[in-house]
Protein chains: 2
Amino acid sequence: MSVQEKKLKHKEDSRSKILAAAKKLFVEEGIEATSIRKIAKEVDISPTTIYLYYKDKRDIVYALHLEGCSLLRTRMEVLMHVDHAFERLKAIGKAYLSFAVTEPGYYELMFMMKEPMQFLDDHGGEDYWEEGDRVFEMLIATIKDCQQEGFFKGMDVQTLSLQAWSTVHGMASLFLSGHLKQLNNLLFSEALEAEFLERTFQLYVSMLERIK
Amino acid sequence: MSVQEKKLKHKEDSRSKILAAAKKLFVEEGIEATSIRKIAKEVDISPTTIYLYYKDKRDIVYALHLEGCSLLRTRMEVLMHVDHAFERLKAIGKAYLSFAVTEPGYYELMFMMKEPMQFLDDHGGEDYWEEGDRVFEMLIATIKDCQQEGFFKGMDVQTLSLQAWSTVHGMASLFLSGHLKQLNNLLFSEALEAEFLERTFQLYVSMLERIK
DNA sequence: CAAATATACTTAACACTGTTAATAATTTTA
DNA sequence: TAAAATTATTAACAGTGTTAAGTATATTTG
């Protein structure tokens with residue numbers, strides 16, 4: 001291994017150490033409570049050292065968001081082998097919601113915060129959200145396949161994909177933001193609250209089935 | 001007017017002055033960029049004076065969120081006079097999305113931030129989200145009426161209401177958070193981006209119509 | 001091998017943030 | 001008018017993201 005390669009490796013090492021510490025704090029203490037100084041303390045370096053590896057805090061958030069995207073993507077890619085397209089669509093929806101519940105930190109970072117998208121907007125400008133796009137692409141492909149199976153006849157694929165994403169994202173984000181818990185009209189107990197996503201999703205699926 | 005009433009009035013005056021300044025800054029400079037000190041400067045008082053009228057920053061956010069709720073509610077209440085239930089349901093959906101677009105500051109405060117719900121959680125505990133509930137109640141009532149008209153037969157009203165809310169909230173929040181703009185797969189121009197909400201909403205409506 | 005250079009890191013500092021305690025000014029009550 | 005209560009302020013604390021300047025450490029060059 002050449003010296004330059006070693007340096008690069010060291011740099012990547014430091015970057016991932018910082019990222020790992022950031023993720024740990026994000027999960028343990030929440031996204032707001034995580035500061036550059038706390039991350040630095042976790043890695044046992046000076047706060048300013050972080051700026052040698054990440055441009056600013058948003059850069060860290062963005063990097064973490066990318067990690068989340070690729071995690072979600074790998075979970076989805078497994079499902080692409082499901083034969084029946086509509087079954088695959090259901091599986092994707094379930095996996096998406098399950099991701100939101102099991103990885104709330106990642107989900108907030110990826111889909112509920114403005115920062116990563118703003119970072120993309122400022123940094124570069126003509127860049128687009130590649131990681132997000134790749135996941136969305138799988139949804140589009142699956143819905144196209146569903147049309148081959150006779151579902152969603154004559155409907156616009158992009159619009160339908162967007163609508164499906166909106167629905168599950170709406171469920172996930174209202175759940176994670178704590179809005180559902182506060183609704184007296186729903187007043188579900190702890191147990192019911194966990195079931196809500198399932199019930200609402202099932203209703204949506206049954207609606208989709210009817211428009212074969 | 002008794003002296004005590006005067007005092008109360010003065011207190012309410014100060015509260016609303018602070019709130020007005022907070023709202024102005026929220027709209028003009030964004031939610032993150034608004035600090036207690038800036039609000040104080042806007043009202044021309046000392047920063048600490050604010051703490052005589054609001055417990056903390058979250059209290060201000062919560063108060064502002066309540067203002068937004070009642071604005072949305074009055075917009076909705078007008079629509080309650082629409083005769084046909086399904087037409088009313090469509091009108092509610094449109095009004096909701098229009099609210100998100102025309103009042104993004106309020107929308108973020110009300111439905112995308114965790115703070116107001118957390119404030120409700122901590123403060124009191126057995127309190128519930130009354131203002132949100134009142135708006136949601138209108139949706140529930142309308143969907144019930146739709147069932148009278150023959151729509152959504154045998155479907156659970158609460159689940160369906162939640163699903164409808166999730167859908168429009170998903171659309172609105174993905175739009176406002178800037179996620180849609182970054183999707184290469186959608187690559188809509190400025191003009192198309194404005195149309196997206198409309199198109200996706202129409203598709204959802206047409207889906208609902210099919211399950212009469 | 002020694003000097004020069006580049007790399008990695010740290011300390012000190014700036015301009016902010018939300019918030020509290022102590023203090024001053026004002027107004028109301030007795 | 002004196003006492004009490006209300007209203008507002010200043011000073012300060014502990015924290016934030018971030019930058020500039022300085023210091024070791026390693027690497028390259030003469």
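Please read these numbers as outputs of a predicted model, since none were measured by experiment. Order of the sequence lines sets the chain letters (A, B, ...), proteins ahead of strands, with each chain counted from 1.
- A search for ring-ring contact (aromatic ring centres under 6.0 Å, His included) contacts involving A:Phe201 returns nothing, not counting sequence neighbours.
- With rounding to whole Å, A:Asp44 atom CG is found 15 Å from C:dA8 atom C1'.
- Taking B:Asp145 as the reference, B:Arg88 meet the salt bridge (charged side-chain N to carboxylate O under 4.0 Å, His left out) condition, with sequence neighbours excluded.
- Taking only side-chain nitrogens and oxygens, A:Thr49 comes nearer than 4.0 Å to OP1 or OP2 of C:dT10.
- Put simply, CG on B:Leu25 is 16 Å from C1' on C:dG18, counting in whole angstrom units.
- Not counting sequence neighbours, B:Glu130 has no partner by the salt bridge (charged side-chain N to carboxylate O under 4.0 Å, His left out) test.
- Residues satisfying the salt bridge (charged side-chain N to carboxylate O under 4.0 Å, His left out) test with A:Glu42, not counting sequence neighbours, are A:Lys24.
- Per the geometry, NZ belonging to B:Lys41 stands 19 Å off P belonging to D:dA8, to the nearest Å.
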| With the sugar-phosphate defined as primed atoms, P, OP1 and OP2, and the base as all remaining atoms, what B/S/- string results for nucleotides 11-26 of chain D, 5' to 3', for protein heavy atoms under 4.0 Å? | BB---BBBB-------

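- In this model, the phosphate group of C:dC9 is not approached by any side-chain N or O of A:Ser46 to a distance below 4.0 Å at OP1 or OP2.
- Nucleotide C:dT26 holds its P atom 16 Å from the CG atom of B:Leu52, rounded to whole Å.
- Partners of B:Arg73 by side chain to side chain contact (heavy atoms under 4.5 Å, CB included), not counting sequence neighbours, listed by chain and number: B:Ser70, B:Glu77, B:Glu131, B:Arg134, B:Val135, B:Met138.
- Summarising the geometry, the separation between OH on B:Tyr53 and P on C:dT19 is reported as 18 Å, rounded to the nearest angstrom.
- Spacing between atom CD1 of A:Ile50 and atom C1' of C:dT11 amounts to 16 Å, rounded to whole angstrom units.
- One can place CD1 of B:Ile45 at 15 Å from C1' of D:dT10, the figure rounded to the nearest angstrom.
- Looking at B:His169, its side chain never comes within 3.5 Å of a backbone N or O of B:Ser166 through a donor-acceptor pair.
- Distance B:Glu32 CD to C:dG18 C1': 14 Å, rounded to the nearest Å.
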